[in-house]
Amino acid sequence: MNIQEVLTEKVKEAVESIFNIDLPTVEFQPTRKDFEGDITVVVFPILRFVKGNPALIGEQIGSYLKENVKEVENFNVVKGFLNIVISDAFYFHFFNDIKDTTNYGYSTVTNTDAVMVEYSSPNTNKPLHLGHIRNNLLGYSVAEILKASGKKVYKTQIVNDRGIHICKSMLAWQKYGEGKTPENTGLKGDKLVGNYYVKFDKEYKAQIADLVAAGTDPKAAEKDAPLMQEAQGMLRKWEAGDEEVVALWKKMNQWVYDGFEVTYKNLGVDFDTYYYESDTYLLGKDIVDEGLEKGVFYRKEDGSVWIDLSDEGLDEKIVLRADGTAVYMTQDIGTAIQRTKDYPDVNGMVYTVGNEQDYHFNVLFLILKKLGYTWAEQLFHLSYGMVDLPSGKMKSREGTVVDADDLMNDMTATAARISEELGKLEGYSDTEKQELYRIIGLGALKYYILKVDPKKRILFNPEESVEFQGNTGPFIQYTYARIQSILRKADFEYNTTVEPNGNEELHEKEKELLKQIQLFPGVVTSAAQNFSPALLANYTYDLVKEFNSFYQNVPILPEENLQKKIFRVQLSKKVGEIIKSSFALLGIEVPERM
RNA sequence: GGUGGCAUAGCUCAGCUGGAUAGAGCACCUGCCUUCUAAGCAGGCGGUCCUAGGUUCGAAUCCUAGUGCCAUCACCA
């Protein structure tokens with residue numbers, strides 16, 4: 001039981017005993033640094049039940065607690081705030097309870113329900129960029145956090161491997177590619193294919209310009225341009241299963257997958273299962289019939305099928321075209337249902353998709369609920385803000401994107417430069433150094449992105465954005481490395497339990513650290529409930545700040561009292577474990593040295 | 001125009017279900033490396049919490065109305 005739970009009971013007991021009143025809840029907050037105490041009871045809300053002077057009531061409750069609760073050592077009242085000093089013994093006991101717990105803060109799997117987390121889901125016509133990085137980091141991290149909170153998780157993605165945009169790259173390669181391949185150019189497959197997507201756009205725009213110059217209406221020119229006509233022809237052939245087109249499609253998609261695989265590996269993300277749009281794009285039509293029967297959908301005169309969501313404050317939305325072909329929504333309905341068939345233990349899904357699709361997911365979830373699927377109550381759109389550059393939006397076709405591979409390489413290079421300047425890596429081989437630079441560079445990037453509340457937009461300035469000092473990944477990694485250094489040097493038995501015998505006093509910094517450690521399990525839970533890695537990132541930073549203050553103000557290994565020394569080493573070790581656990585949930589590695 | 005999101009220090013961000021003088025980092029200024037890694041520590045400077053009303057003992061937080069930025073409202077994906 002943590003201290004807040006203990007005190008809730010005791011404060012109620014106090015109010016019962018002094019005023020003979022049954023108090024429903026007690027409100028706590030951490031005591032502000034400028035007052036003495038560890039935890040504070042806010043007296044004001046109690047005034048609704050007990051009339052009187054808040055300061056006096058605080059005094060009375062405080063006296064009762066000091067008298068009757070062994071954990072309460074002292075108290076003081078400032079205005080309506082009852083500040084309570086908790087005994088060192090309580091914290092000693094707390095620490096001894098958890099010090100040998102592996103995976104402290106994680107919950108074990110408690111129910112059989114699984115949740116499927118979808119993220120990444122790229123188009124296979126261009127390389128991944130910074131926007132995808134945010135998506136991948138968020139999705140991966142939320143999946144890990146859910147696991148740590150006791151859920152079974154399947155990570156998945158739906159690969160957008162078909163459609164007109166894919167045909168554009170294919171056509172451009174066919175026309176202008178001169179037989180170039182990743183093998184004969186040395187180019188990464190996704191990069192090679194992406195170049196032809198850009199090439200298509202360039203040639204296409206030129207054709208439009210020519211047509212417009214010749215007097216064609218701009219709208220019509222977009223449709224009539226020969227390249228667009230050809231691309232659409234190619235899509236029709238693909239849908240008809242034309243051997244040549246399908247072969248080209250397979251070949252070029254494979255190039256892209258090989259390229260993506262490298263990027264995912266460097267980024268440190270993974271998937272348990274994959275869905276491909278080429279397999280799922282026809283799904284959902286049978287569900288439309290089902291929905292018509294149930295009266296969830298209705299058919300208009302022209303044959304198109306709709307759902308009316310105006311009662312929910314939304315509009316009417318089409319779910320099947322008049323010609324009987326599917327729209328995006330149809331496919332998403334079908335895919336969701338397919339997933340619960342493929343993985344029957346799935347009872348909830350998280351979709352990691354940018355906030356530009358908020359409306360789409362509102363509608364999708366409503367439709368699934370109306371169709372009566374129980375798991376539809378457990379759907380969550382992990383909606384996140386765009387990553388913009390100082391120059392504005394990133395646009396693949398215009399080449400104004402921050403490429404994912406380039407960015408990771410740049411980060412690693414920056415980490416290398418800084419590390420070499422500091423020159424602390426004596427004895428490390430070049431391979432070890434390279435690996436370390438990668439860990440630090442990626443740590444900087446990932447932390448920078450994940451520490452921000454997902455729903456907020458990120459303005460990314462490639463020149464100056466990612467830092468290595470202050471509230472950053474490397475600062476936290478550095479603290480971890482410091483702790484490992486202490487553990488390497490602690491050449492004595494420090495694994496024994498230090499029992500408080502009444503003489504040990506906690507140093508103020510130790511106590512602050514213990515309070516912070518106590519918060520970790522709650523933060524994991526709350527990060528899971530809110531689908532927010534940012535909560536974990538910010539917690540870890542606070543913990544690490546506290547540790548560094550401890551480290552620089554309190555002797556650990558030089559401490560002469562053996563019991564104190566042992567306790568401090570154990571405390572440091574535990575902080576290191578929490579940093580490692582927490583960063584693992586963010587997908588960030590920690591180094592032994594740096 | 002309808003709907004949704006965001007707005008906190010020069011910059012980047014915290015601020016849990018309303019609670020004490022609004023917190024960090026970067027930048028700028030002071031100190032601290034012959035004791036465990038200075039990617040650090042200790043301190044200073046810096047804020048009409050977008051605006052105006054309202055609810056409350058108490059509002060950055062809740063309500064209303066504005067303003068600004070972004071997204072969305074296609075038989076596009």
Side-chain angles (χ1 to χ4, degrees), chain A residues 25 27 29 31-35 40 42-45 47-48 54 78-81 83 123 160 163-165 277 281 300 302-306 313-315 317-329 331 354-360 362 383 385-386 388 393 415 418-419 421-422 424 440 444 448 451-453 455-461 464-479 481-490 522-523 526 530 534-535 537-539 541-542 544-545 548-559 565 568-569 572 593-594:
Chain A
T25 53
E27 193 175 319
Q29 59 180 298
T31 305
R32 291 180 68 101
K33 283 262 158 67
D34 14 331
F35 300 101
T40 294
V42 188
V43 181
F44 297 105
L47 297 181
R48 288 177 46 213
V78 181
K79 295 187 218 169
F81 298 91
N83 302 320
N123 292 335
N160 296 301
I164 188 70
H165 49 292
E277 201 188 321
Y281 80 109
K300 285 194 177 176
D302 62 3
S304 58
V305 180
W306 295 72
L314 304 173
D315 300 325
K317 190 83 189 173
I318 190 162
V319 293
L320 198 69
R321 289 190 186 107
D323 62 6
T325 55
V327 291
Y328 207 55
M329 188 64 74
Q331 185 187 143
N355 63 9
E356 62 212 342
Q357 293 198 37
D358 284 355
Y359 186 77
H360 175 80
N362 271 337
S383 163
M386 296 291 104
D388 293 326
K393 274 192 111 152
I418 293 173
S419 295
E421 276 169 19
L422 294 172
K424 299 184 189 176
I440 299 170
Y448 179 79
K451 77 171 178 183
V452 182
D453 183 337
K455 63 174 180 284
K456 289 199 178 176
R457 188 177 87 111
I458 291 182
L459 188 70
F460 188 89
N461 186 339
E464 55 191 50
S465 270
V466 179
E467 313 210 326
F468 289 72
Q469 283 174 358
N471 187 357
T472 67
F475 167 52
I476 294 168
Q477 290 172 321
Y478 173 70
T479 306
R482 266 185 162 174
I483 292 171
Q484 301 321 302
S485 171
I486 291 174
L487 297 180
R488 278 193 299 271
K489 289 182 177 165
V523 174
S526 150
N530 294 292
L535 295 176
N538 287 310
Y539 164 80
Y541 175 65
D542 290 339
V544 158
K545 243 183 100 61
N548 276 296
S549 180
F550 163 70
Y551 176 89
Q552 220 124 39
N553 289 288
V554 182
I556 302 170
L557 296 180
E559 170 59 45
K565 180 157 83 166
R568 286 173 188 169
V569 171
S572 304
R593 285 176 59 181
M594 70 185 273

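Not measured: the values here are computed from a predicted model. Throughout, a chain's letter reflects where its sequence line sits, starting with A, and its residues are numbered from 1.
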Item to check | N/O (side chain, A:K393) to phosphate O (OP1/OP2, B:A71) under 4.0 Å | outcome: yes
Next on the checklist: I'd like the P distance from B:U64 over to B:G23, given in whole Å.
Outcome noted: 29 Å
Checklist entry - Under 3.5 Å, is there an N or O donor on one side and an acceptor on the other linking the side chain of A:D315 and the base of B:A74? => result no
Next on the checklist: Mind checking if A:E421 touches a base, just sugar-phosphate, or nothing, with heavy atoms under 4.0 Å?
Outcome noted: nothing
Checklist entry - Under 4.0 angstrom, heavy atoms only, what part of the nucleic acid is A:E27 near: base, sugar-phosphate, or nothing? => result base
Next on the checklist: For A:F44 and A:F81, take the angle between the two ring planes, folded into 0 to 90°, and tell me which bin it lands in: parallel under 30, tilted 30 to 60, perpendicular over 60.
Outcome noted: perpendicular
Item to check | Touch class at under 4.0 angstrom, heavy-atom based, for A:V554 against every strand present | outcome: base
Checklist entry - Would one find a side-chain N or O of A:K489 under 4.0 angstrom from OP1 or OP2 of B:U37? => result yes
Checklist entry - Base, sugar-phosphate, or nothing: which does A:N530 touch, judged by heavy atoms less than 4.0 Å apart? => result nothing
Checklist entry - Checking all strands, does A:Y359 fall into the base, sugar-phosphate, or nothing category for heavy-atom contacts under 4.0 angstrom? => result sugar-phosphate
Checklist entry - With sugar-phosphate meaning primed atoms plus P, OP1 and OP2, does A:D34 contact a base, only sugar-phosphate, or nothing at under 4.0 Å between heavy atoms? => result base
Checklist entry - Going by 5.5 Å between centroids and 30° between planes, is there a stack of A:F35 over B:A20? => result yes
Next on the checklist: What contact category does A:S304 fall into here, base, sugar-phosphate, or nothing, at under 4.0 angstrom with non-hydrogen atoms?
Outcome noted: base
Item to check | Strand partner of B:C33, provided both Watson-Crick or wobble distances fall under 3.5 Å | outcome: none
Checklist entry - Which heavy atom of A:P54 sits nearest a heavy atom of A:G80, and at what distance? => result CB-CA, 4.1 Å
Checklist entry - Could you state the CG-P distance from A:D453 to B:C13, rounded to the nearest angstrom? => result 11 Å
Next on the checklist: With rounding to the closest Å, how many angstrom separate the C1' atoms on B:G58 and B:U30?
Outcome noted: 38 Å
Checklist entry - From the list B:A71, B:U21, B:U37, which nucleotide is the closest neighbour of the side chain of A:K79? => result B:U21
Next on the checklist: Can you check the distance between B:C29 and B:C45, where both ends of the measurement are the P atom (answer in whole Å)?
Outcome noted: 16 Å
Next on the checklist: Within the 4.0 Å heavy-atom criterion, would you say A:F44 contacts the bases, only the backbone, or no part of the nucleic acid?
Outcome noted: base
Checklist entry - According to the 5.5 Å centroid and 30° plane-angle thresholds, does A:F475 stack upon the nucleobase of B:G40? => result no
Next on the checklist: Heavy atoms from C-beta onward define the side chain here; which of B:U72, B:C36, B:C13 lies closest to that of A:P558?
Outcome noted: B:C36
Checklist outcome for this item: With the side chain defined as heavy atoms from C-beta on, A:Q29 is closest, among B:A71, B:G19, B:A77, to B:G19
Item to check | Value in whole Å for how far the C1' atom of B:C70 lies from CG of A:N355 | outcome: 8 Å
Next on the checklist: With rounding to the closest Å, how many angstrom separate the P atoms on B:U48 and B:U34?
Outcome noted: 42 Å
Next on the checklist: Quick check on B:C36: is either OP1 or OP2 less than 4.0 Å from any side-chain nitrogen or oxygen of A:S572?
Outcome noted: no
Checklist entry - What about A:T40: does its side chain form a donor-acceptor pair under 3.5 Å with the base of B:A20? => result yes
Checklist entry - Counting side-chain heavy atoms from C-beta on, which of B:A77, B:A20, B:U37 comes nearest to A:R321? => result B:A77
Checklist entry - Counting N and O atoms only, with roles assigned by atom type, does the side chain of A:R568 sit under 3.5 Å from a partner on the main chain of A:P555, one being a donor and the other an acceptor? => result yes
Checklist entry - Considering only B:A42, B:U12, B:U37, which nucleotide approaches the side chain of A:N553 most closely? => result B:A42
Checklist entry - What does A:A490 touch in the nucleic acid at a heavy-atom separation under 4.0 angstrom: a base, only the sugar-phosphate, or nothing? => result nothing
Next on the checklist: So if I take every side-chain heavy atom of A:K455 and compare against B:U37, B:U12, B:C6, which nucleotide ends up nearest?
Outcome noted: B:C6
Next on the checklist: Taking A:L557's backbone N and O only, do any of them form a donor-acceptor pair with A:K489's side chain (distance below 3.5 Å, no angle check)?
Outcome noted: no
Checklist entry - Taking atom C1' in both B:U61 and B:G19, what distance in whole Å separates the two? => result 11 Å
Next on the checklist: Heavy atoms from C-beta onward define the side chain here; which of B:G40, B:U35, B:U12 lies closest to that of A:Y448?
Outcome noted: B:U12
Item to check | A:R568 side chain near B:C36 phosphate (N/O to OP1/OP2, under 4.0 Å) | outcome: no
Checklist entry - Expressed in whole Å, how much space separates the C1' atoms belonging to B:U21 and B:G47? => result 13 Å
Checklist outcome for this item: Any strand, both distances under 3.5 Å, Watson-Crick or G-U wobble: B:C45 pairs with none
Item to check | Candidates B:G40, B:A77, B:U12 - which lies nearest the side chain of A:Q357 | outcome: B:A77
Item to check | Rounded distance in Å - CG (A:N83) to C1' (B:G19) | outcome: 13 Å
Next on the checklist: For a 4.5 angstrom cut-off between non-hydrogen side-chain atoms, does A:N471 reach A:F475?
Outcome noted: no
Checklist entry - At under 4.0 Å between heavy atoms, what does A:T472 touch on the DNA or RNA strands: base, sugar-phosphate, or nothing? => result nothing
Checklist outcome for this item: With syn meaning chi within 90° of zero and anything else anti, the base of B:C33 is syn
Item to check | Whole-Å gap separating C1' (B:G23) and NZ (A:K545) | outcome: 10 Å
Next on the checklist: For the CZ atom on A:R488, are there more than 12 heavy atoms of other groups (residues, nucleotides or ligands in this structure) within a distance under 6.0 Å?
Outcome noted: yes
Next on the checklist: So A:Y541, base contact, sugar-phosphate only, or nothing? Heavy-atom distance under 4.0 Å.
Outcome noted: sugar-phosphate
Item to check | Test side chain to side chain contact (heavy atoms under 4.5 Å, CB included) applied to A:E467 - qualifying residues, sequence neighbours left out | outcome: A:T472
Next on the checklist: When you measure from the side chain of A:S419 to the backbone of A:A415, do you find a donor-acceptor pair of N or O atoms at a distance under 3.5 Å?
Outcome noted: yes
Checklist entry - Can you tell me how far P of B:C69 sits from CG of A:D388, to the nearest Å? => result 15 Å
Checklist entry - Considering only side-chain heavy atoms of A:R482, which listed nucleotide, B:C36, B:A38, B:A14, is closest? => result B:A38
Item to check | Nucleotide paired to B:A20 in any strand shown, Watson-Crick or G-U, under 3.5 Å | outcome: none
Next on the checklist: Would you say A:S485 places a side-chain N or O within less than 4.0 Å of OP1 or OP2 belonging to B:U37?
Outcome noted: yes
Next on the checklist: Rounding to an integer number of Å, can you tell me how far A:I458 CD1 sits from B:U12 P?
Outcome noted: 12 Å
Checklist entry - Is there a Watson-Crick or G-U wobble partner for B:C62 with both distances under 3.5 Å, and if so, which one is it? => result B:G54
Checklist entry - What nucleic acid atoms does A:M386 come within less than 4.0 Å of, heavy atoms only: base, sugar-phosphate, or nothing? => result nothing
Checklist entry - B:G40 and B:U3: how far apart are their P atoms, nearest whole angstrom? => result 48 Å
Next on the checklist: Test of understanding: with side chain to side chain contact (heavy atoms under 4.5 Å, CB included), list the residues that count as partners of A:N355, not counting sequence neighbours.
Outcome noted: A:D358, A:S383, A:M386
Next on the checklist: Classify A:I486 by what it touches in the nucleic acid, base, sugar-phosphate, or nothing, heavy-atom distance under 4.0 Å.
Outcome noted: sugar-phosphate
Checklist entry - Taking side chain as C-beta onward, heavy atoms only, is A:F35 less than 4.5 Å from A:T40? => result no
Item to check | Spacing of the C1' atoms in B:C6 and B:U12 (rounded, Å) | outcome: 16 Å
Next on the checklist: Rounded to whole Å, please give me the gap between NZ in A:K456 and P in B:G5.
Outcome noted: 14 Å
Checklist entry - CG of A:D358 versus P of B:C70: gap in Å, rounded? => result 17 Å
Next on the checklist: Could you tell me the Watson-Crick or G-U partner of B:G68, where both distances fall under 3.5 Å? Say none if there is no partner.
Outcome noted: B:C6
Checklist entry - Base, sugar-phosphate, or nothing for A:P45, non-hydrogen atoms under 4.0 angstrom? => result base
